[in-house]
Amino acid sequence: MTVRYYRDLKPTFTDRSQWALPTVLRYHAAERPDSVWLDCPEERRTWTFAEMLAAGERVGRSLLAAGSEQGDRVVLVAQNSSQFVRTWIGTALAGLVEVPINTAYEHDFLAHQVSTVEATLAVVDDVYAARFTEIPDAAKSIRKFWVIDTGSRDTALETLRSAGWEAAPFEELDEAATAAEVVEGTLPLPEVRPQDLASVLFTSGTTGPSKGVAMPHAQMYFFADECVSLVRLTSLDAWMSVTPLFHGNAQFMAAYPTLVAGARFVTRSRFSASRWIDQIRESRVTVTNFIGVMMDFIWKQDRREDDADNPLRCVFAAPTAATLVGPMKERYGIEAFVEVFGLTETSAPIISPYGEDRPAGAAGLAAEEWFDVRLVDPETDEEVAVGEIGELVVRPKVPFLCSMGYFNMPDKTVEAWRNLWFHTGDALKQDDDGWFYFVDRFKDALRRRGENISSYEIETSVLAHPAVVECAVIAVPADTEAGEDEVMAYVILGGDAPAPTAEELWVHCDGRIPSFAVPRYLRFVEEMPKTPSQRVQKAKLRTLGVTDDTHDRLATAVRA
């Protein structure tokens, strides 16, 4: 059988010198100025391509007027909103670097990311402003905040100002045209090139803190155009995303593809399984995306006679619950389910062909026109035979398709790119026909509810309890298909402090660890299996899995 590859990708913008967000937006603002791009039903507001260009230029000039220089980082901590999108667009037009941070992060998690990028400006929802006053040293590089009003803006402004920061309402960013120093012509926006840094998105750490992936404009464009090809997106489509815009899944794998294709992007503040099909109809959505257990949650909703009466054509699911694909297609009248295997660091080197039935569990075929893709022995980097499990390693065939490394972490960059291949840490296998299948993770990262989780960061937070002397965090299988991982912590107690119960340790975690990362399972043990060099053998812990003496937070909550 001949090995197959994914060869459907034909870039929308064929000239690679145009692979930057300002170029793409300006093209569509000229070609289709009155067509709606951003659709925010909850705000009852839309923005055409021309309106978004104007709004983005106002925001960009305001950011530059605050003393920023091209390449400076702008931290963004906000829920989905038009303000989030306008900030993202404005930073790109100004040649600045967007750093979206998970809204669940606070304390050490937030401090690490803010200090790593050495941000100079910040745009935040009012409800997150006080978190920065708790990390003054980490946030000392920030000169000014703009606050998005969700109901407590004035309090947030006072909190930030009392802590010594300059702070202003978000509306100030959108009123730049009234300020003499930013009138067009006196503060021109810079030329933004494909190789310029666009964003720093943090991904999970494995043996250390989370790492900021430095994404150039060309990579963000290409990742988006891969999604255009994946779902066969056109200017007649509307793509709805309900996942957070601080994730790549929503930003450069949903919003940006619509910008590339000249389509409409519909953003909602959160996922609602019960409202999902109504939202699809209300916003005339033709494409949407699922992560984690969203597909399972929707499937479990009560059936309606008119489920199939909707415009939805394609679902991009990562991962895809294979057993639900056929039933979901029939129930909702969906034409295609598609999937990729990609990382923030590498774009998507593995893509599934549109409308084609894949072997069960297959993620896709190698996009070999754009990437070299190999499966190798993780110890030797020697390629493994077809059918054998190996670590996925990737390198681009075109400049700037992959990240520029980990921001301010040169040692981690060199480690990940050893032998000039990016090492994903993911275990895959490939069949004789060329289909790739995800098997497991070689690294200690976890993924739960669509969120990447660093075991190291969770362990550090649990170890902050005075009675905990050792902690090892692992992934155990979720109890729903495509549910990815559940978090389990092995804990050794000791010292002079009173030994906590499982419930008390969960209380300790709340507030220190993002809610999605708090271990569902806790198991107290006397010792852990270790290597001769005293590294915990997490593979053995994963083999043990959930045992009879394991505490389950979900079961505890049900009993309560």
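A quick note: this is a predicted structure, and the numbers were derived from the prediction, not measured. Residue numbers start at 1 and run along the sequence shown.
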**Message:** With a sphere of 6.0 Å drawn around NZ of K540, does it hold more than 12 non-hydrogen atoms of other residues, nucleotides or ligands?
**Reply:** no

**Complete:** The salt bridge (Lys or Arg N to Asp or Glu O under 4.0 Å) partners of E356 (sequence neighbours excluded) come to R4

**Request:** Could you check if a side-chain atom of F371 sits within less than 4.5 angstrom of a side-chain atom of C402, using non-hydrogen atoms only?
**Result:** yes

**Set of residues satisfying ring-ring contact (aromatic ring centres under 6.0 Å, His included) with respect to F109, sequence neighbours excluded** = Y105

**Prompt:** So, do Q301 and I277 sit near enough that their side-chain heavy atoms are less than 4.5 Å apart?
**Reply:** no

**Request:** Assign the ring pair F13 / Y221 to parallel, tilted or perpendicular, where the plane angle (0 to 90°) is split at 30° and 60°.
**Result:** perpendicular

**Prompt:** If only atom types and distance count, is the side chain of R73 paired as donor or acceptor with the main-chain N or O of V117 below 3.5 Å?
**Reply:** yes

**Message:** Is the shortest side-chain heavy-atom distance between M328 and V315 below 4.5 Å?
**Reply:** no

**Item:** Donor-acceptor contact below 3.5 Å, side chain D431 vs main chain D433
**Value:** yes

**Request:** Decide yes or no on side-chain contact (heavy atoms from CB on, under 4.5 Å) for T258 and R264, but give the supporting numbers first.
**Result:** CA-CA 6 Å; T258 63; R264 179 164 52 94; over 6 Å; no

**Request:** Assess whether side-chain contact (heavy atoms from CB on, under 4.5 Å) is satisfied between V24 and Q18, documenting all intermediate values.
**Result:** CA-CA 7 Å; V24 173; Q18 298 178 319; over 6 Å; no

**Lys/Arg-Asp/Glu bridge criterion (N-O < 4.0 Å) met for D485, R542** = no

**Message:** Within a 6.0 Å radius of atom CG on D377, are there more than 12 heavy atoms belonging to other residues, nucleotides or ligands?
**Reply:** yes

**Prompt:** Taking C-beta and beyond as the side chain, do W370 and P11 meet within less than 4.5 Å on heavy atoms?
**Reply:** yes

**Asked** Would R281 and N310 count as a side-chain contact (heavy atoms from CB on, under 4.5 Å) if you check the C-alpha gap in whole Å, the side-chain angles of each, and the deciding distance to 0.1 Å?
**Response** CA-CA 6 Å; R281 292 194 189 99; N310 67 77; 4.1 Å; yes

**Message:** Ring centroids only, cut at 6.0 angstrom: are F438 and F341 within range, meaning strictly under it?
**Reply:** yes

**Asked** Without hydrogens or angle criteria, can the side chains of T286 and D237 be said to hold a donor-acceptor pair below 3.5 Å?
**Response** yes

**Test item: H217 side-chain N/O and W19 main-chain N/O as donor-acceptor pair under 3.5 Å** = no

**Message:** Whether the side chain of E391 engages the backbone of G425 through a donor-acceptor N/O pair (distance < 3.5 Å, no angle test) should be reported.
**Reply:** yes

**Message:** Using the rule side-chain contact (heavy atoms from CB on, under 4.5 Å), only one of V200, T413, V97 pairs with F407; which is it?
**Reply:** V200

**Request:** Assess whether atom CD of E383 is packed by more than 12 heavy atoms of other residues, nucleotides or ligands within 6.0 Å.
**Result:** yes

**Prompt:** Between CD1 of I101 and CZ of F202, what distance do you get to the nearest 0.5 Å?
**Reply:** 6.5 Å

**Prompt:** Between the main-chain N or O of W417 and the side-chain N or O of R395, is there a donor-acceptor pair closer than 3.5 Å?
**Reply:** no

**Complete:** Across all chains, not counting sequence neighbours, the side chain to side chain contact (heavy atoms under 4.5 Å, CB included) partners of S403 are V213, Q219, E345

**Prompt:** Do M220 and L21 come close enough that some side-chain heavy atom pair is under 4.5 Å?
**Reply:** no

**Asked** What's the spacing between T243 OG1 and M294 CE if we round to 0.5 Å?
**Response** 6.5 Å

**Message:** I want to check something: taking the side chain as every heavy atom from C-beta on, are Y27 and T12 in contact at a cut-off of under 4.5 Å?
**Reply:** no

**Asked** Are any non-hydrogen side-chain atoms of L392 and L375 less than 4.5 angstrom apart?
**Response** yes

**Request:** Would you check if there is a donor-acceptor pair between the side chains of D8 and S229 at a distance under 3.5 Å?
**Result:** no

**Request:** Could you tell me the separation between the OH atom of Y437 and the CZ atom of R358, rounded to the nearest 0.5 Å?
**Result:** 10.0 Å

**Request:** Please test F246 against V77 for side-chain contact (heavy atoms from CB on, under 4.5 Å), starting from the C-alpha separation and ending with a verdict.
**Result:** CA-CA 8 Å; F246 55 70; V77 186; over 6 Å; no

**Asked** Do K211's NZ or CZ and the ring of Y406 fall within the cation-pi criteria of under 6.0 Å and 45°?
**Response** yes

**Item:** Partner residues of E282 under the salt bridge (Lys or Arg N to Asp or Glu O under 4.0 Å) criterion, sequence neighbours left out
**Value:** R268, R275

**Message:** Keeping S352 on the side-chain end and V338 on the backbone end, is there a donor-acceptor pair under 3.5 Å?
**Reply:** no

**Request:** Kindly write out the residues that satisfy side-chain hydrogen bond (donor to acceptor under 3.5 Å, both in side chains) with W88, not counting sequence neighbours, or none if the list is empty.
**Result:** Q251

**side-chain hydrogen bond (donor to acceptor under 3.5 Å, both in side chains) evaluation trace for N408 with T116** = CA-CA 6 Å; N408 270 347; T116 296; over 6 Å; no

**Message:** Quick one, L259 and Y256 - any side-chain contact, counting heavy atoms below 4.5 Å?
**Reply:** yes

**Request:** Apply side chain to side chain contact (heavy atoms under 4.5 Å, CB included) to Q79 and list each qualifying residue two or more places apart in sequence or on a separate chain.
**Result:** T103, D125, Y128

**Item:** Closest approach of S210 to Q113 (non-hydrogen atoms, all atoms of both residues)
**Value:** OG-NE2, 3.4 Å

**Message:** I need the Y6 OH to E369 CD distance, nearest 0.5 Å.
**Reply:** 10.0 Å

**Request:** Measure the spacing between CD1 of I389 and CG of D426 and express it to the nearest 0.5 Å.
**Result:** 12.5 Å

**Prompt:** Is there a donor-acceptor contact under 3.5 Å from the side chain of N419 to the main chain of W421?
**Reply:** no

**Set of side chain to side chain contact (heavy atoms under 4.5 Å, CB included) partners for E388, sequence neighbours left out** = V384, A385

**Request:** Can you measure from OG (S283) to CE (M240) and round to the nearest 0.5 angstrom?
**Result:** 7.0 Å

**Request:** Keeping the roles fixed (side chain from T234, backbone from L236), state whether a donor-acceptor pair exists under 3.5 Å.
**Result:** yes

**Asked** Is there a donor-acceptor pair closer than 3.5 Å between any side-chain N or O of E486 and the backbone N or O of V476?
**Response** no

**Prompt:** When you measure from the centre of the six-membered ring of W299, is the NZ or CZ of R331 under 6.0 Å away and within 45° of the axis?
**Reply:** yes

**Message:** Can you list everything that forms a salt bridge (Lys or Arg N to Asp or Glu O under 4.0 Å) with R270? Sequence neighbours excluded, please.
**Reply:** none

**Item:** side-chain hydrogen bond (donor to acceptor under 3.5 Å, both in side chains) partners for Q279, two or more places apart
**Value:** none

**Request:** Kindly give the heavy-atom pair with the smallest separation between Q70 and D196, and that separation in Å.
**Result:** NE2-OD2, 3.8 Å

**Prompt:** Can you list every pair that meets ring-ring contact (aromatic ring centres under 6.0 Å, His included) and has a residue in residues 305-339, with sequence neighbours left out?
**Reply:** W276-Y332

**Prompt:** Does R7 have any salt bridge (Lys or Arg N to Asp or Glu O under 4.0 Å) partners at least two apart in sequence or in another chain, and if so, which?
**Reply:** E368

**Message:** Checking the side chain of E226 only, and the main-chain atoms of S347 only, is there a donor and an acceptor separated by less than 3.5 Å?
**Reply:** no

**Message:** Going by side chain to side chain contact (heavy atoms under 4.5 Å, CB included), name the residues that satisfy it together with T46, two or more places apart in sequence or in a different chain.
**Reply:** V36, D39

